[in-house]
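Written below as structure tokens is the structure these notes are about.
Computation of the quantities below employed the complete heavy-atom set of this structure, encompassing side-chain atoms and omitting hydrogens, waters and symmetry-equivalent molecules. Atoms within a ligand are numbered from 1 in the order they appear, just like the ligands themselves.
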Amino acid sequence: MERGVLRRLVVASNRLTVATDTRARAGGLAVALLEVMQSHGGLWFGWSGKITAKTPAKPTRTRSGAITYATVDLSRKNYAEYYNGFANRSLWPLFHYRLDLTAFNKQNYSGYLQVNTLFASKLRPLLEPDDLIWIHDYHLIPMGEELRKTGIKQPMGFFLHTPFPPMEILTALPSHHALVRAICAYDLVGFQTENDLRAFLDYVVHEADGGMMGDHLVHAFGRTLKVEVFPIGIDTEYIVKTGLMAPRSGLAKRLMTFPGDYDRIIGVDRLDYSKGLVERFHSFERFLENYPAYRGRVMLMQIASPSRSEVPEYRDICRVLEAKAGHINGRFAEFDWVPINYLNKSFTRHNLIGLYRASRIGLVTPLRDGMNLVAKEYVAAQNHHDPGVLVLSRFAGAARELDAALIVNPYDFDAVADAIASGLEMSLEERRERWTAMMETVRNNTFQSWGKSFLKVLKKAPYE
Ligand code: F6P
């Protein structure tokens, strides 16, 4: 993204990343935003990651290169209600179509609104008249509306990193009306896929009495805003370069010299029920049942980095997965081979890229996912002479762009088992053909181009 743009960029997100942190993360919002902020410069506002007895009067300000950080600590009560409570026990499951896991609670909702109001009030004095404001994700939906209440007229954009649920699911949320009204306080709203945009428009037209006016313009709740699809990308060049070096260092080198002649399948996810890990283990078990010739010859390495462990549903899934991995290993392992190498911890990005490159299959089978950057990173990390195969859930946003992957329904264990077998048997020619098509997409749509295209549209606001 070009430097020297006259308007300052102000980004707000729940989580922030400083450059040195990126190694510990498997991808996602915070890494994407770091790329955008590093190339554009500006102010990055959000939660400090700290829980303190009392929120200080002013945000803590620090600087790193072109980025000024302004961060706010949260009280234990705010954190419990806003982050663990409403964001991750109401909005997250609901936005991932999991009404069965969605818990509604007035107290949590009020904590969510309080933190959004608090963030707006702490950011307000730091804003300048020409700023471009870009707020991110489900944690901070009402923040824009709160800023508008204080008289903020600057162009304000919002990007939803998760899916947007169908109207019939969203309306189960008692505060659905207020939530969508808050979304309409922005000038530009970005979604990951056409599917998410359609669901939003469906709500606007059928529940909010709003209307579409052409050229991506929508009128609802007395405002006119633009709504568009901006699928998020990855830092492709970094992954390609790191992939090239990876076999000479780190874990990939150790793995390749490790005794044992078997093909590796890799899965890398946050430990989250939306990622379909239990279903993935079922499918892998089905693969071992249906294709016995592969026993002893294939290993699934599943990395599940711990996530949101104070939320009960996340602790439950952790137990279920441990039991399932233990069951499959107990059932099929031999003295010199185990089918699943289940790693409940985080790895550096460098090591992950090496592991992607050293794996014949990338298994990315979420039940629902906004985009899933692991799918894109797996593709970018491959050796172009001998690329691996991506097996990808149709319910990941990435499936819209990476249609040359083996696209599967993660609920259909037999079909996933068949896709694994097809991937292992696929000719070099077909692997290269599919990979070349996916790589073109991954090269054309990067973090950088994603940020650039969103901001290009945002700069033209207001659109009336
Ligand atoms: O969109 C969901 C998301 O923000 C991802 O971008 C990111 O990987 C993940 O959630 C982080 O979750 P948390 O901040 O709860 O660790």
### Query
Between Arg15 and ligand 1, does any nitrogen or oxygen pair lie at a separation below 3.5 Å?
yes
#### Entry: NZ/NE/NH1/NH2 to OD/OE distance under 4.0 Å, Asp187 and Arg148
yes
### Query
Under 4.0 Å from any heavy atom of His161, which atoms of ligand 1 are there?
1 (O)
### Query
Applying a strict 4.0 Å limit to heavy atoms, is His136 in contact with ligand 1?
no
### Message
So that I know where these two stand, are Tyr203 and Phe200 an aromatic pair - ring centroids less than 6.0 Å apart?
### Response
no
### Query
Any N or O of Arg308 that comes nearer than 3.5 Å to an N or O of ligand 1?
yes
### Query
Using a heavy-atom cut-off of under 4.0 Å, does the side chain or the backbone of Trp92 touch ligand 1, or both, or neither?
side chain
### Within 45° cone and under 6.0 Å: Lys324 NZ/CZ vs Phe281 ring
no
### Asn88-ligand 1 polar pair, N/O distance under 3.5 Å
no
List, one per line, each side-chain donor-acceptor pair under 3.5 Å for residues 154-172, sequence neighbours excluded.
| unit_1 | atom_1 | unit_2 | atom_2 | d |
| --- | --- | --- | --- | --- |
| Gln154 | NE2 | Glu128 | O | 2.9 |
| His161 | NE2 | His136 | ND1 | 2.9 |
| Thr171 | OG1 | Met167 | O | 2.8 |
| Thr171 | OG1 | Glu168 | O | 3.4 |

### Task
May I ask you to check if ligand 1 and Asp137 share an N or O to N or O distance below 3.5 Å?
yes
### Task
Decide whether Tyr273 and Asp316 meet the rule of one side-chain donor and one side-chain acceptor closer than 3.5 Å.
no
### Task
Give the numbers and elements of all ligand 1 atoms closer than 4.0 Å to a heavy atom of Thr162.
1 (O)
Ignoring hydrogens and angles, write down the donor-acceptor pairs under 3.5 Å from the side chains of residues 85-92, residues two or more places apart or on other chains.
| unit_1 | atom_1 | unit_2 | atom_2 | d |
| --- | --- | --- | --- | --- |
| Asn88 | OD1 | Tyr138 | OH | 2.9 |
| Asn88 | OD1 | Arg308 | NH1 | 3.3 |
| Asn88 | ND2 | Tyr83 | O | 3.1 |
| Arg89 | NE | Glu313 | OE1 | 3.1 |
| Arg89 | NH2 | Glu313 | OE2 | 2.7 |
| Ser90 | OG | Ala103 | O | 2.5 |
| Trp92 | NE1 | Asp272 | OD1 | 3.2 |
| Trp92 | NE1 | Asp272 | OD2 | 3.2 |
| Trp92 | NE1 | Tyr314 | OH | 3.2 |

### Message
Just by distance, no angles: are the side chains of Ser305 and Arg270 close enough, under 3.5 Å, to form a donor-acceptor pair?
### Response
no
### Task
Report, in ascending order of atom number, the atoms of ligand 1 lying under 4.0 Å from any heavy atom of Tyr83.
13 (P), 14 (O), 15 (O), 16 (O)
